[in-house]
Amino acid sequence: MSTQSVVHAQSSADESVVGDSSPPGGGSRRYLEQLIRYDVPASLVVFLVALPLSLGIAIASGAPIMAGLIAAIVGGVVAGAVGGSPLQVSGPAAGLTVVVAELIGKFGWKVTCLITVGAGLLQIVFGLSRIARAALAIAPVVVHAMLAGIGITIALQQVHVLLGGSSASSALDNLRQLPAQIGALHVEDLMIGLVVIATLLGWRYLPAGVRKVPAALVGIVLATLASLVLPIDVERIALDGSLLDSIGLPALPDGQWLGVATGILTIALIASVESLLSAVAVDKMHSGPRSNFDREMLGQGTANMVSGAIGGLPVTGVIVRSATNVEAGAKSRASSIMHGLWILLFSAALAGLVQQIPKSALAGLLIVIGIQLVKLAHIRLARRTGDLWVYGITVVGVVFLNLLEGVLIGLALAIALLVWRVIRATVTAEELGDNDSGKWRVLVEGSCTFLVLPKLTSVLAGIPPRSDVTVELSVDFLDHAVFDVIEEWARQYELAGGSVIIDEVGSVSMESATTGPPKRGAAVTDLRGLLAPWGSWQPQASGRNLSSPPALRPILDGVSNYHRHRAEAIRPHMDQLRDGQNPDSLFLTCADSRVVPNIITSSGPGDLFTVRNVGNLVPAGGRDTSVEAALAFGIDELGVSSVIVCGHSGCGAMQALLTNSSSESGVVGEWLRHAETSLQAYTSGHPVARAAAEAGFSEVDQLGMVNVAVQLQTLERHPLVGQARVDGRLRIAGLFFDIGSARVIEVTASGIGQLIET
């Protein structure tokens, strides 16, 4: 199945799971059992959490009290039924209080309702255009700072209410007026608010069974009861009629259409981002169906259009209610829908109870919620990732300017920082060897654009004249400006008596800067020592002809390259191996230099216990003490799980056997007598030879595969190997490396297998 088919099938599956309105689980009876056992209890818990939050958010926004309950009802029922995140719960959110308060102050409540309708329509456009995920393309540090700024703003507002007064329109005014408000402190309001704050902060220390009851509900109930029982006078919530009386149509603005359009865009973007981030977080909390983000936008947009049309606050997905829903055991969207119905029932029949709640109690609740939006974990993360300035400036902008301007400033800073990090290149120069050696290395790493020219020209100008200079380019992007500077400097430097070698280590070459527009290459990976042999890079790096290299020079150059590029990366792993080895397999292969076991097995240090000899032979009867010692040590001491015999194409030992050159005197001929059994098996028509011939392999390679099969048979009869196999401690296998195609083929005692690709 193609990748596109898999993606399409997965997308269809997600939509069918999320959008299926039929009873899940294969029958209405099972669905009813799930509903009663999980969703109904969860909906009641979420209802108890959402009720005080909705009231508090309405007060903090400066909206009618019932507007918070209307938004909670619509968010639960409409967004819950239409949205694409089955376990997310929607309603009025603290993240929009600052924006809504500004809109109400500027346009009035009914025009703000119109703005909410417009924002909902824009969210539906987001969903239909399938660009919902684009709303997630905001740096997390900006989102975290936005929430922190909102939390600080809410806390500054509600401190005044907690102290018995009323909040100002801006955070700066709230700070200025705070000393006077403290001087006019209303002790009774403060006491009631502190009851809620103490309850919320201390709830985590109570037994788990007690914590199943929502702390917010307990705090509000305790504070309300205390205000009714004690002989105190506190300001309480005042309702302007019933739920039906609060329902009203939005109104058109009297001009200021640009401000209205800005408000629509602001609410749509913030509500979308908050809902999508909440959906992502909820998906991490359960193992059920995943969220469909485009459908979630349709659900949120529909809910906002309905809420705004009947006089409710803007709606978003809310992480507090959603997390409560998941933790309470909800299994389907029925929980969210029913929580909205419970709020509707309460608002219609028991709204009078709301008027008994002291304002300072809700202020205490909102202060705690606001403070909790400022998370120390986010600040620590911003500090670790170097984004603390972005976080701090965004918070200040949100608090003292407004939410939109603060977020835009934060995004601009985040983008500027990203661009700086992406295009920044490192340019260093170091003298090689002793002082006055006359050998210098200039290292250029990263993405080289014209912005690096000041640093690059400064470093190049500092190289002493008439030296041997190697410019090592480990870059993934190089534009023509950098090419010109390096090319012209090298020309001038050589004219002055020096020598310059351009060593192109990275994925982008100097030549590419002149053949077309600059393009970013793949991640820079120096293949030296892994895939690229010395001959492919040492002539350029050293300036020497390696057809007759000086003794040790290739080795020393290779070690130098290892220290520069690999030692630091591999050091932590090697440190873990310092006290001993624990390889998985014993790998017996030919001494041929073209066979590199770690490459063809994608293994690293500590994985293979490697044994090499000419022809990858296991002499029968224990006639070679070296191989015997390796088998004994690998099986008994290291406890390897397998023994692998690996031959290869074009093997010189097999060629010598076929041409009878192994019968000549000398140590090589004496050693290859251990392979005469393989030659006899080949000439006798061994099944592996026939299979290799049918696959198109040459006679030498056919013999090489037969040789692997014969070594496997020798290992099966080996006392130590055979006993380990009987005990289930060891397996043996044969491989054949076809050098020309760089493919590895499985070899058994009676045939050859397929290419090993899975």
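Residues take their numbers from the sequence shown, with the count starting at 1.
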Checklist entry - Are L35 and M338 close enough, and set up right, to give a side chain to side chain contact (heavy atoms under 4.5 Å, CB included), and what steps lead you there? => result CA-CA 10 Å; L35 193 71; M338 284 189 292; 3.9 Å; yes

Next on the checklist: I'd like to know whether S85 forms a side-chain hydrogen bond (donor to acceptor under 3.5 Å, both in side chains) with R290, so could you lay out the CA-CA distance, the side-chain angles of the two residues, the decisive distance to 0.1 Å, and finally the verdict.
Outcome noted: CA-CA 7 Å; S85 183; R290 305 292 90 184; over 6 Å; no

Checklist entry - In Å and rounded to the nearest 0.5 Å, what is the CE to CD1 distance from M297 to I124? => result 10.5 Å

Item to check | E274 side chain to T316 backbone, donor-acceptor under 3.5 Å | outcome: no

Checklist outcome for this item: L313 and A63 have their tightest heavy-atom pair at CD2-CB, 3.7 Å

Item to check | Distance (rounded to the nearest 0.5 Å) between S227 OG and L225 CG | outcome: 7.5 Å

Next on the checklist: Assess the residue pair Q88 and S291 against the criterion (side chain to side chain contact (heavy atoms under 4.5 Å, CB included)); give the C-alpha distance rounded to whole Å, side-chain angles, the decisive distance to 0.1 Å, and a yes or no.
Outcome noted: CA-CA 9 Å; Q88 175 156 269; S291 295; over 6 Å; no

Item to check | Nearest atoms (heavy-atom pairs only) where G219 meets V196 | outcome: O-CG2, 3.5 Å

Checklist entry - Going from CZ on R383 to CZ on R380, what distance comes out if it is rounded to the nearest 0.5 angstrom? => result 10.0 Å

Next on the checklist: side-chain hydrogen bond (donor to acceptor under 3.5 Å, both in side chains) for Q300 and S90? Distances and angles first, verdict last.
Outcome noted: CA-CA 8 Å; Q300 294 294 330; S90 301; 2.8 Å; yes

Next on the checklist: Per the side chain to side chain donor-acceptor pair (under 3.5 Å) rule, what does the pair list look like for residues 253-263, sequence neighbours excluded?
Outcome noted: none

Item to check | Backbone N/O of L87 and side chain of N325: donor-acceptor pair under 3.5 Å | outcome: yes

Checklist entry - About how many Å separate OG1 of T153 and CZ of F400, when rounded to the nearest 0.5 Å? => result 8.0 Å

Item to check | R236 (side chain) donor-acceptor with K359 (main chain) under 3.5 angstrom | outcome: no

Next on the checklist: Tell me the closest heavy-atom pair linking V390 and T394, and the distance in Å.
Outcome noted: O-OG1, 2.6 Å

Next on the checklist: Checking I379 against Y391 for the side chain to side chain contact (heavy atoms under 4.5 Å, CB included) test, could you report, in this order, the C-alpha distance in whole Å, the side-chain angles of both residues, the deciding distance, and whether it holds?
Outcome noted: CA-CA 8 Å; I379 297 175; Y391 183 94; 3.6 Å; yes

Checklist entry - Got a second to check how far I232's CD1 is from D189's CG, nearest 0.5 Å? => result 8.0 Å

Checklist entry - Applying side chain to side chain donor-acceptor pair (under 3.5 Å), which residue pairs with at least one partner in residues 113-124 are found, sequence neighbours left out? => result Q123-S272, Q123-N304

Next on the checklist: Between S307 and V74 (side chain of the first, backbone of the second, donor and acceptor by atom type, cut-off under 3.5 Å), is there such a pair?
Outcome noted: no

Next on the checklist: Using modelled atom types and a 3.5 Å cut-off, is there a donor and acceptor pairing between side-chain atoms of D387 and backbone atoms of V141?
Outcome noted: no

Next on the checklist: Side chains of E235 and S360: any donor to acceptor distance under 3.5 Å?
Outcome noted: no

Next on the checklist: Check whether S43 reaches the backbone of V40 with its side chain - one donor and one acceptor, N or O, closer than 3.5 Å.
Outcome noted: yes

Next on the checklist: Can you give me the closest heavy-atom contact between G164 and Q181, atom names plus distance?
Outcome noted: C-NE2, 4.2 Å

Item to check | Considering all heavy atoms, the nearest I73-L344 contact | outcome: CD1-CA, 3.5 Å

Next on the checklist: Side chains of S336 and R321 only: does a donor on one sit below 3.5 Å from an acceptor on the other?
Outcome noted: no

Checklist entry - Just how far is it from atom CG of L69 to atom CD1 of I343, taken to the nearest 0.5 Å? => result 7.0 Å

Checklist entry - Which heavy-atom pair separates R333 from G83 by the least distance, and what is that distance? => result NH1-O, 3.0 Å

Item to check | Within-4.5 Å side-chain heavy-atom neighbours: I409 and L401 | outcome: yes

Item to check | Derivation and outcome, side chain to side chain contact (heavy atoms under 4.5 Å, CB included), residues V161 and Q158 | outcome: CA-CA 5 Å; V161 180; Q158 297 306 308; 3.8 Å; yes

